[in-house]
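Take a look at the structure set out below.
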Amino acid sequence: MEIQLNAQQQSAVNAVQGPVLVIAGAGSGKTRVLTARICHLIEMGVSPYNILAITFTNKAADEMKQRIEKYIGAVGVWTSTFHSMCARMLRVDAERIGYSKDFSIYTEQESDRVVKRILADHPAIDPKKKSEILWHISRAKTLSMSPAEYYDAIKDDENDAEDITMVYRRYEEELKRSNSLDFDDLLLKTIMLFETCPDVLEKYQQRFEYIHVDEFQDTNGLQYKLVKLLAARSGNLFAVGDEDQSIYSWRGAEIKNILDFPKDFPGTKVIKLEQNYRSTSSILKAANNVIKNNRNRNDKTLWSDNSEEDCVEYYEAYSDRDESEKVARAIGVLTRDGANYSDIAVLVRANSLTRQFEEEFNLHGIPYKVFGGFRFFERKEIKDALAYVRLALNPSDNDSLLRVINYPKRGIGDGAVGELRQAAMDGNCTLFAALINHDRLGSATSKKLSGFANILLDLIEAKDNMKPVEFMQYALRRSGLEDALAASKDREDVNRLENIEELVAAVRQFVQDNPESTISDFMQSVALVSDADEMDDENYVTLATVHAVKGLEFDYVFIIGLEEGIFPTQRAIASGDLEEERRLMYVAITRARRRVFAFNARSRYRFGRTENFPKSRFVGEMTGVRQALRYTNSGYASQPVDNRIKLGANGASQSFKSVVRGAQSNRATASVDYDKFVKNTVVEHTKFGRGVIVETSGEGEDKIASIMFRGLGIKRFALAIAAPSLRIINDLDDIC
């Protein structure tokens, strides 16, 4: 079967000798080129046995195998990830470096438990430093450093250098005793095998005459070294990647590997794939205009035969809530006019931003799945925080008590918990009752549990004396959650801290809608939001971080939170290193096939307060977005964002339904009389039951109705989406 290729793709396929670097822009068909090149080699007479193809995911490896078999029926090409390749090699020759062939492979969970046990033997080291120490161990291995070498490297910069390297040494000893390797070891020990056993390296060098590496921009130091060792004999290394999509430096990827490739491999033939088969020309123009501001890159310009214009639009929302409402309404327009939910992605820089959208989508029955993080109210840190609130409201909640009795860490071990549970069983009472009436507890256990008991008693007392937002803030402080996360150096704990602060924002928003509500009312509302309604497994909106969708594509992409300090992050701004943030923006834009909607909010509730964020510099860099809707006292009106962003041809103001050009959905909306939805109208919602409209704003398809439901409080609906789920009734019985 002949594979259709353009001239540049064909040039890459035909380059079969020596080092070749293919700079493959987003959507330029790199998988097709890799597959076609391997097929071409086999058709030339090269044995599949002598071909190696390395990808970064098992899914990509399987897809490549299937394509090769489909096109020419060939089998036998070694196609795998780096880690799978190394594990396979070590299963053959691990005994040469002191391991048996049946070694265990430790996942992050097993590594975590090993370090946890080591720290338990060294009580002088704060156990909260476990994640930081694990990060250092992985970094040391990526740098090919022993504990002693790593100590010399960090001793001048890390106050805990001795503790870190001691745990690293103990960790290595434990893995060796257990005949086990972690994921970093799979790479590191394979390099050790090659360097200490030249005959093993020569065996693989002779076998792999042609080596292919996909996503080369994502390689770390160990992976790059493996590739150089394997390719040293034949010199036939075919690397495909795009430095503009290098977004994983935080997990060890080194962009210099692809940028320095021609220098490290003299005589490299460099081929650029610039024709994009995914996006429209105006989407590519926006992406090109953003990424050209980076210095560390190969010069290239993506282009497309699809010359459709005005496919990128920018909107400035009045607030973060307004932002989520506008996105939900836009999705309603798109789906009414034929789009599937699965055609749509809402992309965020930080997963703490998904909460507002989850609530909005739940409210309007928009099916979604969260990627790059858990659903907001299902995240561990949120469950931990809510467990303290539940205990304040219901001290008999044994499950919540067991969840947080020793989180944050307060020295309450399994023995003390076991004694408490036995005391509750003996007294036929709840764990809380046994906790505060500790006659059946030993003095040592009673002392260990006293601090936790005092926390719960303080929370129980405070809940009746504080307003909901104030109480949530107090619960986060008094529980120790806020301090524990703030003190941690673990990168993930920074995100967790943002998430629990976003929880305060959720309470504040609920109270704004329901001024007389209590913290108990909020908790009841949360139960509804976190209810996992059955959704179509296939047809859902993707709500994800940009990192989570690399390699995917959608017809419609919403990029939200485009504000300085969010995207790009404050850390990147403070360090002055914005290039990876810009690459993330480039990746986000180039996920779209048909349309990009870029959003920022003039105000956003973050970290316990409402802040006014300036719009992201990336908005201005995009250049050529169609128009901006800026909030004014009279509603939304088109205004220039700045002198680098052009408006549409007429610059006229228009309602948000224009997000789909020419898609006014007359057939879908003609039967809806928005004027009937007025204050004091009784309605029945298919999910929330009967309620009464307490306030409306806007007109026509822009109309918002605030509806009071008994037991659920006030919920705000965009009628353009919600009208089909609402029935106007006249029966005033049983209304809130």
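Atom OG in S246 sits 12.0 Å away from atom NZ in K256 (nearest 0.5 Å). In this structure, R355 CZ and L543 CG are separated by 12.5 Å, a value rounded to the nearest 0.5 Å. With rounding to the nearest 0.5 Å, the separation of CD1 in I255 from CD in Q245 is 11.0 Å. Taking NZ of K225 as the reference point, atom OG1 of T142 lies at 12.5 Å (rounded to 0.5 Å). Rounding to the nearest 0.5 Å places CD of Q217 at 9.0 Å from CD1 of I23.
For the pair D244 and R297, the minimum side-chain heavy-atom distance is below 4.5 Å.
Between the side chain of S575 and the main chain of R571, a donor-acceptor pair closer than 3.5 Å is present. Remark: the backbone N or O of T219 is not paired with any side-chain donor or acceptor of E254 at under 3.5 angstrom. Distance alone, capped at 3.5 Å, places no donor-acceptor pair between the D337 side chain and the L334 backbone.
Side-chain contact check for Y150 and R139: at least one donor-acceptor pair (N or O, by modelled atom type) lies under 3.5 Å. Between the side chains of D264 and Y224, a donor-acceptor pair is found at a separation under 3.5 Å. Inspection of the D184 and S138 side chains reveals an N or O donor paired with an N or O acceptor under 3.5 Å. Using a 3.5 Å distance cut-off with no hydrogens or angles, the side chains of E580 and S249 do pair a donor with an acceptor. With no hydrogens or angles considered, no side-chain donor-acceptor pair links Q10 and N6 at under 3.5 Å. Judged by distance alone, the side chains of D305 and Q275 do bring a donor and an acceptor atom under 3.5 Å apart. Side-chain polar atoms of Q9 and Q4 form no donor-acceptor pair below 3.5 angstrom. If you check the side chains of N298 and E243, you find a donor sitting under 3.5 Å from an acceptor.
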Step-by-step side chain to side chain contact (heavy atoms under 4.5 Å, CB included) determination, L222 to S144: CA-CA 8 Å; L222 292 177; S144 301; 3.1 Å; yes
Worked check of side chain to side chain contact (heavy atoms under 4.5 Å, CB included) between I559 and V596: CA-CA 7 Å; I559 308 171; V596 171; 4.0 Å; yes
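Applying salt bridge (charged side-chain N to carboxylate O under 4.0 Å, His left out) to D242 and the options K30, K550, R583, K300 leaves one that passes, K300. In summary, of the residues considered (V22, V13, L273), a side-chain contact (heavy atoms from CB on, under 4.5 Å) with Q8 occurs for L273 alone.
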